[in-house]
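Presented below is the structure to which this report refers.
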Amino acid sequence: MIFDTHCHLNAKELYKDHEKYIISAKNEGVAAFLVVGYDYLSSKIAVELAEKFDFIYAAVGYHPVDVLKAKTSELEKTFELLKHPKVVALGEIGLDYHWIEDASEREKQKEFFIRQIELANENELPIIIHNRDATNDTYQILKEHKVNKGGIMHCYSGSLAMAIELIKLGFYISMGGPVTFKNARVPKEVVKAIPLDKLLVETDCPYLAPHPLRGTINEPKNIVYTVKEIAELREKSIEEIEKTTFNNAKKILGL
Ligand SMILES: [Zn+2]
């Protein structure tokens with residue numbers, strides 16, 4: 001049984017055929033999915049999918065790139081969804097300096113990040129972190145703004161030392177398709193060394209398809225490649241990695 005802790009069945013590439021993708025994933029042993037929002041519409045669809053399927057859960061929130069163009073009314077409608085019983089996390093939120101170079105826009109990202117951390121605490125929810133090329137600022141904010149229910153570092157690509165610091169702050173480390181890439185030296189090192197009870201798996205589909213499907217539209221069933229890679233790196237059985245990461249996901253999401 002696998003828990004895909006970060007998928008975008010709410011994205012246009014997958015939503016139109018979501019039932020098909022869900023069935024193929026279930027056939028490969030994916031038993032639970034966290035569909036993650038990044039703006040109002042995707043958050044709303046995440047909640048709708050969670051209402052339709054009992055094994056789907058939703059995260060709602062504003063991604064650091066999308067938040068810059070969000071209307072106040074859309075932000076409000078998104079945050080109203082936090083009260084829904086199948087919303088188990090606030091996300092994805094964080095900082096993205098890869099796509100945003102302007103200093104004032106980066107400041108705005110920080111403000112929205114902190115505001116959404118406060119909302120997570122008000123609603124007693126964990127958070128899902130998106131961090132791209134902004135590790136130091138992300139860590140600084142998380143250190144200064146304690147998240148009571150902890151959270152998930154989605155598609156973690158940082159160093160082992162930083163992973164250990166984030167675990168100390170209450171975070172789980174989620175690995176996606178990139179850990180299967182041949183040249184992924186650092187992610188493989190992280191998987192080998194972090195405590196197994198802090199490890200999660202995800203696809204981030206439709207993005208980041210694992211090897212040997214790199215470059216194609218990713219879907220939840222492809223998570224098996226990531227699980228297999230982790231099992232090899234940890235010298236454990238696939239079943240054990242599935243079981244441990246599934247239980248870790250339930251724990252952080254309060255299920
Ligand atoms: Zn995502």
Side-chain angles (χ1 to χ4, degrees), residues 1-7 21 24-34 36 55 57 88-89 92 126 128-132 135 138-139 142 150-216 218-255:
M1 291 215 306
I2 307 172
F3 203 131
D4 186 350
T5 62
H6 196 110
C7 65
Y21 294 118
S24 357
K26 291 216 109 191
N27 288 337
E28 295 290 335
V30 184
F33 306 71
L34 181 62
V36 180
F55 48 82
Y57 300 88
V88 295
E92 58 191 284
I128 317 274
I129 301 279
H130 169 101
N131 157 37
R132 194 157 179 203
T135 304
T138 300
Y139 177 65
L142 293 175
I152 298 173
M153 300 305 300
H154 133 67
C155 202
Y156 185 74
S157 63
S159 68
L160 174 59
M162 181 53 80
I164 289 166
E165 292 309 310
L166 289 161
I167 288 170
K168 283 186 202 158
L169 293 178
F171 285 83
Y172 284 65
I173 305 298
S174 183
M175 302 307 290
V179 74
T180 65
F181 299 167
K182 291 267 176 280
N183 58 358
R185 190 182 57 81
V186 176
K188 289 184 205 292
E189 189 188 302
V190 170
V191 164
K192 276 187 188 168
I194 62 164
L196 214 47
D197 66 351
K198 297 295 172 192
L199 183 68
L200 300 171
V201 287
E202 64 168 78
T203 54
D204 197 23
C205 59
Y207 316 107
L208 298 174
H211 174 77
L213 306 167
R214 195 173 177 175
T216 64
N218 199 8
E219 57 173 295
K221 74 168 183 185
N222 298 337
I223 202 163
V224 295
Y225 293 100
T226 301
V227 172
K228 184 166 172 281
E229 177 73 27
I230 292 173
E232 282 167 15
L233 290 166
R234 292 298 297 228
E235 298 178 8
K236 303 265 187 212
S237 69
I238 286 175
E239 293 70 29
E240 189 174 346
I241 297 299
E242 287 188 4
K243 191 173 157 219
T244 308
T245 53
F246 196 92
N247 288 333
N248 293 346
K250 278 174 65 180
K251 199 165 173 203
I252 182 63
L253 300 172
L255 301 172

Subject >> salt bridge (charged side-chain N to carboxylate O under 4.0 Å, His left out) partners of residues 171-183, not counting sequence neighbours, each pair once >> reply: none
**OP:** Enumerate the residue pairs fulfilling salt bridge (charged side-chain N to carboxylate O under 4.0 Å, His left out) with a member in residues 245-255, sequence neighbours excluded, ordered by first and then second residue.
**Re:** none
Give the minimum heavy-atom separation between [X] and [Y], together with the two atoms involved.
X	Y	answer
Gly215	Ala209	N-CB, 4.4 Å
Tyr21	Glu219	CD2-OE1, 3.1 Å
Ser159	Val186	CA-CG1, 4.0 Å
Pro210	Thr226	CB-OG1, 4.2 Å
Glu229	Val179	CG-O, 3.6 Å
Ile194	Lys198	CD1-O, 4.4 Å

Could you pull out all residues at least two apart from [X] that satisfy side-chain hydrogen bond (donor to acceptor under 3.5 Å, both in side chains)?
X	answer
Lys228	Glu232
Arg132	His98
Thr245	none
Asn248	none

Name all residues meeting the side chain to side chain contact (heavy atoms under 4.5 Å, CB included) criterion together with [X]; count only those two or more places apart in sequence or in a different chain, and write none if there are none.
X	result
Lys168	Ile164, Glu165
Val88	Leu34, Tyr57, Leu253, Leu255
Tyr207	His8, Asp204
Thr135	Asn131, Met162

Subject >> Qualifying ring-ring contact (aromatic ring centres under 6.0 Å, His included) pairs, either residue in residues 235-255, two or more places apart >> reply: Phe3-Phe246
Working to the nearest 0.5 angstrom, can you tell me the gap between [X] [atom1] and [Y] [atom2]?
X	Y	atom1	atom2	answer
Ser157	Leu208	OG	CG	9.5 Å
Ile230	Glu240	CD1	CD	13.0 Å
Asp4	Ile223	CG	CD1	4.0 Å
Glu28	Asn222	CD	CG	8.5 Å
Ile129	Ile173	CD1	CD1	10.5 Å
Ile128	His154	CD1	NE2	8.5 Å

Where the side chain of [X] meets the backbone of [Y], is there a donor-acceptor pair that is under 3.5 Å apart?
X	Y	answer
Thr5	Val201	yes
Glu202	Cys155	yes
Lys221	Lys26	no
Glu242	Ile2	no

**OP:** Return yes when atom OH of Tyr225 has more than 12 non-hydrogen atoms of other residues, nucleotides or ligands closer than 6.0 Å, and no otherwise.
**Re:** no
**OP:** Please report the C-alpha distance between Leu142 and Leu166 in whole Å, then the side-chain angles of each, then the deciding distance to 0.1 Å, and finally whether the side-chain contact (heavy atoms from CB on, under 4.5 Å) criterion is met.
**Re:** CA-CA 8 Å; Leu142 293 175; Leu166 289 161; 3.9 Å; yes
Original post:
Any side-chain donor paired with an acceptor under 3.5 Å for Glu92 and His6?
Top reply: yes
**OP:** For Asn218 and Thr203, test the side chains for any donor-to-acceptor distance below 3.5 angstrom and give the result as yes or no.
**Re:** no
Subject >> Test item: Lys236 and Leu196 side chains (from C-beta on) under 4.5 Å apart, heavy atoms >> reply: yes
Original post:
Going by heavy atoms in the side chains, are Pro195 and Ile167 under 4.5 Å from each other?
Top reply: yes
Original post:
Residues two or more places apart in sequence or in another chain: which of them pass ring pair (Phe, Tyr, Trp, His ring centres under 6.0 Å) with Phe55?
Top reply: Phe33, Phe53
